[in-house]
Amino acid sequence: MAPPGSFETATVTVKLDDLNPEQRAAVLAPDGPILILAGAGSGKTRVLSYRIAHILAERKASPAEVLAVTFTNKAANEMRQRVASLVGGDNDARIPWVSTFHSACARILRQEGHALGYDRNFSILDEGDSLATIRQVLGDAALADSPPLELARARIEQAKNEAVTPDEMLARAKPGRDASIAQIYRLYQERMRAMNAMDFSDLQLQTWLLFERFPETLERWQRRAAHLLVDEYQDTNRVQYLIVRALAARSGNLCVVGDEDQSIYGWRGADIRNILDFERDYPAAQIFKLEQNYRSTKTILAAAGAVIRNNTERKVKNLWTENSAGEPVTYFTGRDERDEADFIALEIARLTGVGGFRAADVVVFYRVNAQSRAIEEALVRRRIPYYIVGGVRFYEQRDVKDLLAYLRVIANPADAVSLERMVGTPPRGIGAKSFEAIAELAARERIPAFEAMGRLETCSRVALRIAKQAGMLYSWMHDLGARAPDLSVRGIVEEVVAHSGFEAYLDTLDDAPARKQNLAEMLSAASAFDAEKSGGGLPEFLERVALVSDTEQIDSSGGRAALMTLHTSKGLEYPIVFMAGMEEGLFPHSRAAEIDEEVEEERRLCYVGMTRAQQLLYLTNTLSRELYGVRQESRQSRFLREVDPALIRRIAPARETPPIRPLSPREPYVDFADSQLPDDEPGPGGDGLSIGARVIHPTFGRGIVRRREGRGDGAKAWVNFERGGIKLLVLKFANLRLLGD
DNA sequence: AGAGCGTGAACGCAA
DNA sequence: TTCACGCTCT
């Protein structure tokens, strides 16, 4: 018998005493729609894990009827482990399905995709591959009103995030560019289907389309997710919202956890309204607020609260803590980014020396990756061990992708993008023109691109020598493909490395040792995958590889300080947090400058960063910073001025700096003060872009020419943009258009 | 002549 | 990292 105040699972009894009253209420709440508003550091993972354990213990559902969805694999792993420790043992049959949105969709589509015309071994294209495919489509379509590549990509992704199909987009589009984009979108989808490939957004869009079109399929998955729990609900986009709603429609057992103050992926399609309107969508919703913070000091919480209070798009919350007041927030202004970085490095040295902290207790956050450079240099100078989370991902490095291309073709012979990459590395005489012939043959005969490669000798366009090369490559890969199901993933990788000539090719290069390092890491990744009991074959390995995220690189074992962008920081906590670059135009980013909703998202990003800190929080900025190739004077971030000065301790800067000014309500943040600009000098005219001319730029929008330098192809201009400030542009590339008055 | 391949220049927010 | 260019091979 379980004692009162606890519940029993198959083998263990879990004490509910570990939970505070609000947490306990949320864990024990009866079935039906549930919204848990969980402030930063209020123990939401704990509540979700306990609730899952509770559902299982009460026999409300078997593990095969529970699905918990998170945003990152790291969060999924954490939750799986916590549930495992609650329900006892590592018996997989007792652990419910805990997965990221993307992995869950991939799994559903592997089983059901045939209904939509996809084979179960479809490839998942990363952003680079997807961009290359759109580029091809743009080239082939040669539309009159052809959109720029990046615009087309962004609009297609946006459409997918909003569950808009090509036909729907076309129906809505005005003639002209919008219609062209819709055409490109449709051609892109057709090409992807022919390649049996999906991009990241497709995983979700196709799942939604599947559910929408095949009610009996949906019903099957509704039963599989009879208890559906969704983490980080504030960052769901439209299509995720639709999938969740569809899955929960039958049982009504939808439990979402989130914090609208931590919604930071609006630019990726996340819609904060999903959480704000939950009660409207589910009128029967029970609502729980978790407001006790277990992470930070009172001071840190007060400082973060003072910032987020300036947002209007939020529900009123009152985060509190029993933790001590702690130290004031430290604020430092450096002369420039080097000086700022030096302070950070010195301070880390002090904290890890006499302070008794470990380097691994420290994290440095920044707004844009470009900031990491100066900080790295300073840390190297001070011999502080560090590592960067994010940035270049292992599986997106060139050699790794080249190698993976072979594996992807074996798993999915229709994957023409991977085939093209594979055929070209190592160089074996089969180039763009020959590949064109392969693609054409595949399209004409309606066979996978890989099969077409094997039949190239029938194609008169291609030299016999090249066709024979292709034929040999085909025979070997075909044979390997046939044996693949019986081989370990490592075995397959080893054979590819040895037989493809890839390793021999690397050996001919100067930096062979460094580049072969990546091959070695691939091999060990394959071994590790083989060693997992729940593992699987090549398709499962490729899926894993395609869906790894930055947060999985986090590794606290190395005793090193971590560097990452603020976006990567979500869900993490560190004893000591540095936030560098607290400056207008950088943070909030200039792209958000005057649009209220975007400034609010930047402010949430600031709030997320600050609330990662457990004990010490440092905010730093500069007097002058070089960004995007231009050095300019910095101005203090408005977020700094939103913090009560009483909570801040200012470290005396090396030179006079502006004091913290109180914030007046209607103060303009973006000014066009010419004092920021280099001295004007008369420049060469002729193209109409004289000083003072009003221009428009495809990315930066409207601006004024402030200075000219150089002539001919090297002619450049300093342009002060309304959004984005001053930029130095090479006129040849900048695509500036003159604006009339 | 045509195709392949190496070179050398501009890119740039956040997954 | 892509694009344009010239060199080299068949």
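Since the structure is predicted, the reported quantities are computational estimates derived from the model, not experimental observations.
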Q.
Taking the minimum atom-to-atom distance to the side chain of Asn369(A), which one of dC13(B), dG6(B), dA3(B) wins?
A. dC13(B)
Q | From dA3(B), dA15(B), dC5(B), nucleotide with atom closest to Trp267(A) side chain | A | dA15(B)
To the nearest Å, give me how far apart [atom1] ([X]) and [atom2] ([N]) are.
{"X": "Arg373(A)", "N": "dG12(B)", "atom1": "CZ", "atom2": "P", "value": "17 Å"}
{"X": "His589(A)", "N": "dA14(B)", "atom1": "NE2", "atom2": "C1'", "value": "8 Å"}
{"X": "Arg268(A)", "N": "dA15(B)", "atom1": "CZ", "atom2": "C1'", "value": "4 Å"}
{"X": "Leu131(A)", "N": "dT2(C)", "atom1": "CG", "atom2": "C1'", "value": "10 Å"}
{"X": "Glu150(A)", "N": "dC11(B)", "atom1": "CD", "atom2": "P", "value": "14 Å"}
{"X": "Phe365(A)", "N": "dA14(B)", "atom1": "CZ", "atom2": "P", "value": "16 Å"}
{"X": "Phe71(A)", "N": "dA14(B)", "atom1": "CZ", "atom2": "P", "value": "19 Å"}
{"X": "Leu566(A)", "N": "dC13(B)", "atom1": "CG", "atom2": "P", "value": "16 Å"}

Q | Check: Trp267(A) ring centre within less than 6.0 Å of Tyr265(A) ring centre | A | yes
Q: Going by the salt bridge (charged side-chain N to carboxylate O under 4.0 Å, His left out) test, name the single residue among Arg635(A), Arg625(A), Arg638(A) that passes it with Glu583(A).
A: Arg625(A)
Q | Along DNA chain B (nearest heavy atom to each residue), the more 5'-positioned of Ser434(A) and Glu601(A) | A | Ser434(A)
**Q.** Residue closer to the 5' end of DNA chain B, Tyr505(A) versus Arg367(A) (nearest nucleotide)
**A.** Tyr505(A)
(Q) Test your reading of the model: is there a side-chain donor-acceptor pair from Gln262(A) to the backbone of Gly258(A), 3.5 Å cut-off? (A) no
**Q.** Check: Thr236(A) main-chain N/O paired with Asn274(A) side-chain donor or acceptor under 3.5 Å
**A.** yes
Just to confirm, is there a sub-4.0 Å distance from OP1 or OP2 of [N] to any side-chain nitrogen or oxygen of [X]?
{"X": "Thr565(A)", "N": "dC13(B)", "answer": "no"}
{"X": "Arg428(A)", "N": "dG4(B)", "answer": "no"}
{"X": "Thr568(A)", "N": "dA14(B)", "answer": "no"}

**Q.** For dC3(C), the Watson-Crick or wobble partner whose two distances fall under 3.5 Å
**A.** dG8(B)
Q | Any-strand Watson-Crick or G-U partner of dC9(C), both distances under 3.5 Å | A | dG2(B)
Q) Could Glu260(A) and Arg604(A) be called an ion pair, given the rule that one side-chain N must be under 4.0 Å from one carboxylate O? A) no
Q.
Would you measure the distance from the P atom in dC11(B) across to the matching atom in dC5(C) and give it in whole Å?
A. 15 Å
(Q) Are dA15(B) and Tyr265(A) stacked, with the base six-membered ring and the side-chain ring centres under 5.5 Å apart and planes under 30°? (A) no
